There are 2 protein chains.
Amino acid sequence: MEQILRGTGQRVTRQRQVLLTELRRMVTHPTAKEIYEAVRYHLPQISLGTVYRNLGVLEDLGLLRRLECGGISRYDGDLHRHFHLQCVDCNQVYDIDQSLVQNLNMDLLKSQGFELLDYKLDFYGLCPSCKKTES
Amino acid sequence: MEQILRGTGQRVTRQRQVLLTELRRMVTHPTAKEIYEAVRYHLPQISLGTVYRNLGVLEDLGLLRRLECGGISRYDGDLHRHFHLQCVDCNQVYDIDQSLVQNLNMDLLKSQGFELLDYKLDFYGLCPSCKKTES
DNA sequence: GTATATGCAAACAATTTGCACGCCT
DNA sequence: AGGCGTGCAAATTGTTTGCATATAC
């Protein structure tokens, strides 16, 4: 992270270091406020505005990913390509390994004149525990 | 639409009829406010609150789909299965035919205990016109 | 006639922003 | 030393909600 920040003329601050460290530790796809709470444990003076600003900076640099979950943003520090399943009952977000989806043929799109930069594949359904409760 | 509404004990109002008709006519994946403007042309007294309420109702009934685009919702009246490409430059949303993505193997997920209800595949990149301007 | 839907406006919640001060380089 | 980053609080924006009235059934 430090090299990437410095490479773009931006500064390595304690707030950014702690934020990314905490996000990478969390496996729950936290919201901005949840990240704020986690970071505040180490930096009691940090503000929510700084969290939002730095989430934006780190997202632009590709150091984290933002998920759109029912109108609010959640964040993911795991950069290895994978998908998500959001439970429509408890709203928890689960990781789905990319290998479950085969033959995503990206090249075809480029032939239509689009410059393809990224993609997101999201599933919606019931997680095993909610599925049990439903019945 | 009328049968589906009545089937769930809900009423067929002029607001709902015009809203869905207008949305189906629009090919631009409009926001709630854009839909409000279009509908207001026919129903000058309609309120934005009613538009939001009815977008929710019609979405729950599966009569339209909601897209999450950079923190705000856009709506799609085209129910045939297709994907979207959002231009990261002009933010326009383009339709991508499902046939461009082959072998999306949904069955594998179910074997892990999830009840799979829906999925969304979204691409991000540059549309042909923005791609030209960039270079 | 009765319950649901509407219009209006206020409330809400997530996110952004302006500004004076602080800290990274 | 200089400028980017921060904390704080206020502003903004998309969306939701309470309530009295209107309307579909």
Side-chain angles (χ1 to χ4, degrees), chain A residues 1-20 22-23 29-61 63-75 91 93, chain B residues 1-20 22-23 29-61 63-75 91 93:
Chain A
M1 164 173 97
E2 309 195 356
Q3 303 178 13
I4 294 182
L5 278 172
R6 291 212 177 87
T8 59
Q10 299 184 78
R11 295 178 180 171
V12 180
T13 63
R14 185 133 176 69
Q15 287 87 338
R16 290 174 178 175
Q17 290 172 314
V18 173
L19 193 162
L20 195 53
E22 285 303 304
L23 177 59
H29 311 88
T31 63
K33 192 169 275 178
E34 287 165 351
I35 295 169
Y36 169 62
E37 298 296 345
V39 171
R40 200 151 63 141
Y41 183 79
H42 299 91
L43 298 173
Q45 296 304 321
I46 198 172
S47 73
L48 190 52
T50 294
V51 170
Y52 272 108
R53 263 185 299 236
N54 285 336
L55 285 171
V57 169
L58 298 175
E59 182 194 4
D60 288 345
L61 295 177
L63 290 167
L64 57 80
R65 302 195 112 220
R66 191 166 60 85
L67 321 176
E68 305 191 301
C69 299
I72 77 167
S73 294
R74 292 180 170 274
Y75 298 87
N91 288 318
V93 177
Chain B
M1 162 172 98
E2 309 195 357
Q3 302 178 14
I4 294 181
L5 278 172
R6 291 210 178 87
T8 59
Q10 299 183 77
R11 294 176 181 174
V12 179
T13 64
R14 185 133 175 67
Q15 286 87 339
R16 290 174 178 173
Q17 290 172 313
V18 173
L19 192 162
L20 195 53
E22 285 303 305
L23 177 60
H29 311 89
T31 63
K33 192 168 275 178
E34 287 165 351
I35 296 170
Y36 169 62
E37 298 297 345
V39 171
R40 200 151 63 142
Y41 184 79
H42 300 90
L43 298 172
Q45 295 305 320
I46 198 172
S47 73
L48 190 51
T50 296
V51 170
Y52 273 108
R53 264 185 298 237
N54 284 337
L55 285 171
V57 169
L58 298 174
E59 184 195 2
D60 289 345
L61 295 176
L63 290 166
L64 57 80
R65 301 195 113 220
R66 190 167 60 85
L67 320 177
E68 304 190 303
C69 300
I72 77 168
S73 293
R74 292 181 170 275
Y75 297 88
N91 288 319
V93 177

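From a predicted model like this one, the values you see are computed outputs, not experimental measurements. Order of the sequence lines sets the chain letters (A, B, ...), proteins ahead of strands, with each chain counted from 1.
The side chain of B/Gln15 has C/dG7 as its nearest neighbour among C/dG7, C/dT25, C/dT15. When each of D/dT15, D/dC25, C/dA14 is scored by its nearest atom to the side-chain atoms of B/Val12, the top-ranked nucleotide is D/dC25.
Side-chain N or O atoms of B/Arg74 include none that pairs as donor or acceptor with a backbone N or O of B/Leu67 at under 3.5 Å. When atom types are taken as modelled, the side chain of A/Glu59 and the backbone of A/Arg65 share no donor-acceptor pair closer than 3.5 angstrom. Listed for the A/Arg11 side chain is no donor-acceptor partner under 3.5 Å among the backbone atoms of A/Leu5. Side-chain atoms of B/Glu34 come within 3.5 Å of backbone N or O of B/Thr31 as a donor-acceptor pair.
Summarising the geometry, the separation between CG on B/Asn54 and C1' on D/dT23 is reported as 14 Å, rounded to the nearest angstrom. To the nearest angstrom, P of D/dG14 lies 11 Å from CZ of B/Arg74. Rounded to an integer number of Å, the gap from A/Leu43 CG to C/dC23 C1' is 14 Å. Taking atom CZ of residue B/Arg40 and atom P of nucleotide C/dT6, one finds them 17 Å apart after rounding to whole Å. A/Ile46 places its CD1 atom 10 Å from the P atom of D/dC8, with the value rounded to the nearest Å. Atom pair B/Arg16:CZ and C/dT4:P shows a separation of 11 Å (rounding to whole Å applied). A straight line from CG of A/Leu48 to P of D/dA11 spans 18 Å, rounded to a whole angstrom. Separating the CZ atom of B/Arg14 from the P atom of C/dT6 is a distance of 13 Å, rounded to the nearest angstrom.
Phosphate proximity of D/dC8 to A/Ser47: absent, as no side-chain N or O sits under 4.0 Å from OP1 or OP2. Under 4.0 angstrom from either OP1 or OP2 of C/dC8 there lies at least one side-chain N or O belonging to B/Gln45. The shortest distance between the side-chain N/O atoms of B/Thr50 and the OP1/OP2 oxygens of C/dA5 is not below 4.0 Å. For the pair A/Thr31 and C/dA14, the criterion of a side-chain N or O lying under 4.0 Å from OP1 or OP2 is not met. Within the structure, a side-chain polar atom (N or O) of B/Tyr52 is placed less than 4.0 Å from OP1 or OP2 of D/dT15. A/Thr13 has no side-chain polar atom (N or O) that falls below the 4.0 Å cut-off from OP1 or OP2 of C/dC23.
Within the 4.5 Å cutoff, side-chain heavy atoms of A/Met1 are placed close to those of A/Leu58.
Using a cut-off of 4.0 Å between Lys/Arg side-chain N and Asp/Glu carboxylate O, B/Lys33 and B/Glu37 are scored as not salt-bridged.
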Could you go over nucleotides 18-22 of chain D and give all protein N or O partners under 3.5 Å, atom names and distances?
from   : atom 1 : to      : atom 2 : distance (Å)
D/dG18 : O6     : B/Arg53 : NH1    : 3.3

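A donor and an acceptor atom, one from each side chain of A/Arg66 and A/Ser73, are located under 3.5 Å apart.
For the pair B/Gln10 and B/Ala32, nearest-nucleotide mapping onto DNA chain D gives the more 5' position to B/Ala32.
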